[in-house]
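Working notes, beginning with the structure itself.
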Protein chains: 2
Amino acid sequence: MNSNNVTIYDVAREASVSMATVSRVVNGNPNVKPTTRKKVQDAIDRLGYRPNAVARGLASKKTTTVGVIVPDISNIFFADLARGIEDVATMYKYNIILGNSDSSRDKEVHLLNTLLGKQVDGIIFMGGRLHEDLVEEFKKSPVPIVLAATLNQGYDLPAVNIDYEQAAYDATKMLIDHGHDRIGFITGPLEQQINGEKKFAGYRRALEDSGLPFHEQDMILGNYTYASGLEAMQKMLERDDCPKAIFAGTDEMALGVIHAIQDAGYSVPDDFEVVGHDNTRLATMIRPKLTTVVQPMYDIGAVAMRLLTKILNSEEIEEKNVVLPHRIERRDSLRQD
Amino acid sequence: MNSNNVTIYDVAREASVSMATVSRVVNGNPNVKPTTRKKVQDAIDRLGYRPNAVARGLASKKTTTVGVIVPDISNIFFADLARGIEDVATMYKYNIILGNSDSSRDKEVHLLNTLLGKQVDGIIFMGGRLHEDLVEEFKKSPVPIVLAATLNQGYDLPAVNIDYEQAAYDATKMLIDHGHDRIGFITGPLEQQINGEKKFAGYRRALEDSGLPFHEQDMILGNYTYASGLEAMQKMLERDDCPKAIFAGTDEMALGVIHAIQDAGYSVPDDFEVVGHDNTRLATMIRPKLTTVVQPMYDIGAVAMRLLTKILNSEEIEEKNVVLPHRIERRDSLRQD
DNA sequence: CATGCGATATAAAACGTTTCCAAATGGAAA
DNA sequence: TTTCCATTTGGAAACGTTTTATATCGCATG
């Protein structure tokens with residue numbers, strides 16, 4: 001009783017109707033007499049018919065599948081985002097094909113082409129930087145593309161983000177307002193726009209606004225990982241003029257920073273204050289709990305997918321460049337006011 | 001110059017050959033004269049032809065796509081597993097359709113049917129427990145299914161796991177060998193086989209082997225999260241006869257356990273010793289660093305996918321029930337010997 | 001110079017739907 | 001009754017490949 005290989009034609013014969021009618025029933029087309037509909041439905045149940053989505057995709061040119069390109073799904077940040085995407089996708093009856101790019105230009109381009117070959121109805125892209133080649137490919141895409149937690153560049157794609165510049169400003173400002181005149185800034189590679197153009201800019205603006213100079217050596221670049229945060233802070237601690245306030249580009253780095261400080265025998269927040277970024281689950285899994293910029297990853301994914309469905313349904317779109325609100329979640333890595 | 005909607009037929013005309021020949025070239029079939037192959041390849045490049053995988057899937061009944069059913073991709077554990085799957089999938093030119101089940105029977109069944117409707121070539125399933133209905137569906141599946149980090153039940157599917165019973169035994173035994181006669185056991189719901197049948201059994205066997213009695217109250221069930229680990233340990237600490245050694249079912253719970261202990265003013269490992277399970281990245285993101293059972297998530301995913309490719313290629317399979325090795329990574333949450 | 005054979009190439013039939021257009025049906029109005 | 005529409009159904013052509021059976025080509029062989 002393998003429910004396999006029973007086709008719409010078999011159902012049609014079983015129900016003594018044409019396959020067109022079966023198709024209408026399956027697709028909920030209203031132009032079917034109720035008695036006929038029942039007859040067909042019974043045949044479907046009896047035969048255990050399951051529509052072949054591939055054939056359907058070929059005939060209708062819609063696959064109800066969207067592609068998701070992500071640097072690395074094993075990264076908690078992107079995993080959360082992906083979950084947001086998938087939940088909304090499910091809500092709208094889409095499935096997602098997921099691919100990891102490792103932020104490699106070649107893999108991104110290759111993945112994109114594979115997905116287009118599979119006739120996905122749309123694509124959600126995440127990546128640190130939009131290489132030119134990739135943008136060229138994007139321009140040629142026959143299906144809509146939405147960026148999630150990824151800044152546009154040279155081509156005006158729909159995108160969902162927070163205001164990274166302002167967020168970095170807020171975090172830095174908060175530390176300055178706590179009486180620090182030097183703020184350490186430990187973040188990811190500047191090639192990635194979010195760091196190089198946004199967080200860095202916000203950091204500097206906050207310094208300037210408060211009349212503080214920018215010291216090159218107060219900024220250390222890592223690669224987002226715990227280890228790189230730990231290492232960066234260790235390096236910073238070696239200096240006599242080590243900043244007593246640190247803004248870390250990700251929570252994971254912030255944990256490394258805190259541990260480096262503690263390993264050196266200092267206290268957070270008494271000796272050092274630390275602010276992270278993203279508010280991943282990690283933020284509460286450390287003592288002291290981490291004060292951090294809330295970037296709603298799940299929501300970014302969910303909104304990006306919703307935006308994509310709107311585009312796919314040709315619904316009216318008020319704003320294709322969505323900026324979600326951010327805030328700072330105050331926890332114990334910052335002293336009480 | 002939209003590379004879209006140029007079909008194999010267009011290429012055939014452009015190259016003055018039949019579409020069958022183009023098909024051969026695209027698929028690397030050797031029965032094509034080199035000059036013809038070149039001619040066709042040129043036409044392909046000139047036109048920017050990209051084969052339509054949907055049409056191909058319909059004609060060949062292969063989609064080079066596999067379905068992956070996972071409880072929750074935002075869980076670091078499954079995210080790692082998924083990454084292993086995807087890497088190997090890419091290696092063998094497959095793509096993956098990813099779906100979250102939240103371990104709900106209904107979602108699992110629904111997802112499975114959706115995937116089968118999409119004509120995936122195979123499925124990798126992860127889930128805490130195989131409900132009967134689901135097993136029934138599995139039996140009817142026209143494509144192979146492989147379990148990853150999921151125990152078989154009532155139907156002999158290919159599966160990739162570690163020896164959870166033995167791992168729990170090893171962890172418990174290690175704590176006993178450190179001089180403890182009561183071992184706290186904090187894990188997830190017993191309905192999930194891995195806990196109820198394996199880890200629990202290993203824990204008890206270790207106790208028995210050492211002539212220790214099993215105390216009901218030394219076991220607390222949570223839901224895998226940090227918060228539930230924290231809470232469980234807090235509850236345990238209220239007791240006078242609180243065990244001084246804890247085996248936690250996941251690293252995340254172990255972190256909660258450690259923090260609960262520290263919050264109460266005790267030291268790990270001086271006052272309490274803790275062993276976790278999984279060796280997720282979290283294990284090194286805490287002080288003291290966590291001693292934990294190494295479950296190679298990435299490898300489990302990778303091996304599961306590799307196993308699936310073997311089945312799909314009808315390669316010979318030495319053992320369809322793969323048990324990967326585990327070990328305990330000793331870190332600072334355990335006292336030096 | 002015919003014959004035969006391997007190597008290549010072609011034509012056409014699947015594959016399982018959707019969808020357009022035309023046909024049948026069934027009442028209501030005339 | 002007819003006539004006419006609206007509703008419901010059916011037929012058949014797409015959709016873009018793979019694949020099978022068949023044809024053609026080129027060339028060595030007898």
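Here the structure is a predicted model, which is why all the values come from computation and not from measurement. Each chain gets a letter, A, B and so on, in the order the sequences are listed, and its residues count up from 1.
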To the nearest angstrom, the OH-C1' distance between A/Tyr9 and C/dA14 comes to 15 Å
Would you kindly say whether A/Glu315 and A/Asn313 are connected by a side-chain donor-acceptor distance under 3.5 Å? yes
Return the set of residues passing salt bridge (Lys or Arg N to Asp or Glu O under 4.0 Å) with A/Lys33 (not counting sequence neighbours), or none when no residue passes. none
Is the shortest side-chain N to carboxylate O distance from A/Glu132 to A/Arg105 below 4.0 Å? no
What contact category does A/Val17 fall into here, base, sugar-phosphate, or nothing, at under 4.0 angstrom with non-hydrogen atoms? sugar-phosphate
Is B/Arg37 side chain donor-acceptor paired with the C/dT8 base, going by distance under 3.5 Å alone? no
The criterion is salt bridge (Lys or Arg N to Asp or Glu O under 4.0 Å); which residues satisfy it with A/Lys310, sequence neighbours excluded? A/Glu318
Reckon A/Thr21 touches a base, only the sugar-phosphate, or nothing at all at heavy-atom distances under 4.0 Å? sugar-phosphate
Considering only NZ, NE, NH1 and NH2 on the basic side and carboxylate oxygens on the acidic side, decide whether B/Asp42 and B/Arg46 come within less than 4.0 Å. no
Can I get a per-line list of side-chain donor-acceptor pairs under 3.5 Å for residues 76-89 of chain B, giving both atom names and the distance, sequence neighbours left out?
residue: B/Arg83; atom: NE; partner: B/Asp87; partner atom: OD1; Å: 3.0
residue: B/Arg83; atom: NH1; partner: A/Asp72; partner atom: OD1; Å: 2.9
residue: B/Arg83; atom: NH1; partner: A/Asp102; partner atom: OD1; Å: 3.0
residue: B/Arg83; atom: NH2; partner: A/Asp102; partner atom: OD1; Å: 3.1
residue: B/Arg83; atom: NH2; partner: A/Asp102; partner atom: OD2; Å: 2.9
residue: B/Arg83; atom: NH2; partner: B/Asp87; partner atom: OD1; Å: 3.2
residue: B/Glu86; atom: OE1; partner: A/Asn100; partner atom: N; Å: 3.4
residue: B/Glu86; atom: OE2; partner: B/Thr90; partner atom: OG1; Å: 3.4
residue: B/Asp87; atom: OD2; partner: B/Tyr298; partner atom: OH; Å: 2.5

Min and max contacting nt of DNA chain D in 5' to 3' order, chain A heavy atoms within under 4.0 angstrom, are D/dT8 to D/dG16
Is it true that B/Glu197 and B/Arg129 have a side-chain N and a carboxylate O under 4.0 angstrom from each other? no
Is there any side-chain hydrogen bond (donor to acceptor under 3.5 Å, both in side chains) pair reaching into residues 144-159 of chain B, and which pairs are they, with sequence neighbours excluded? B/Gln153-B/Gln193
Atom-pair distance (CD1 on B/Ile8; C1' on C/dA9), nearest Å: 14 Å
Can you tell me the distance, in whole Å, between the CG atom of A/Asn5 and the P atom of C/dT17? 11 Å
In whole Å, what is the span from the CZ atom of B/Arg24 to the C1' atom of C/dA9? 6 Å
Within residues 27-36 of chain B, residues whose heavy atoms come under 4.0 Å of DNA chain C: B/Asn31, B/Val32, B/Lys33, B/Thr36
Does atom NE2 (A/His110) have a neighbourhood of more than 12 heavy atoms from anything else shown, all under 6.0 Å? no
Which part of the nucleic acid, if any, lies within contact of B/Ser60, taking any heavy atom under 4.0 Å across all strands shown: a base, the sugar-phosphate backbone alone, or nothing? sugar-phosphate
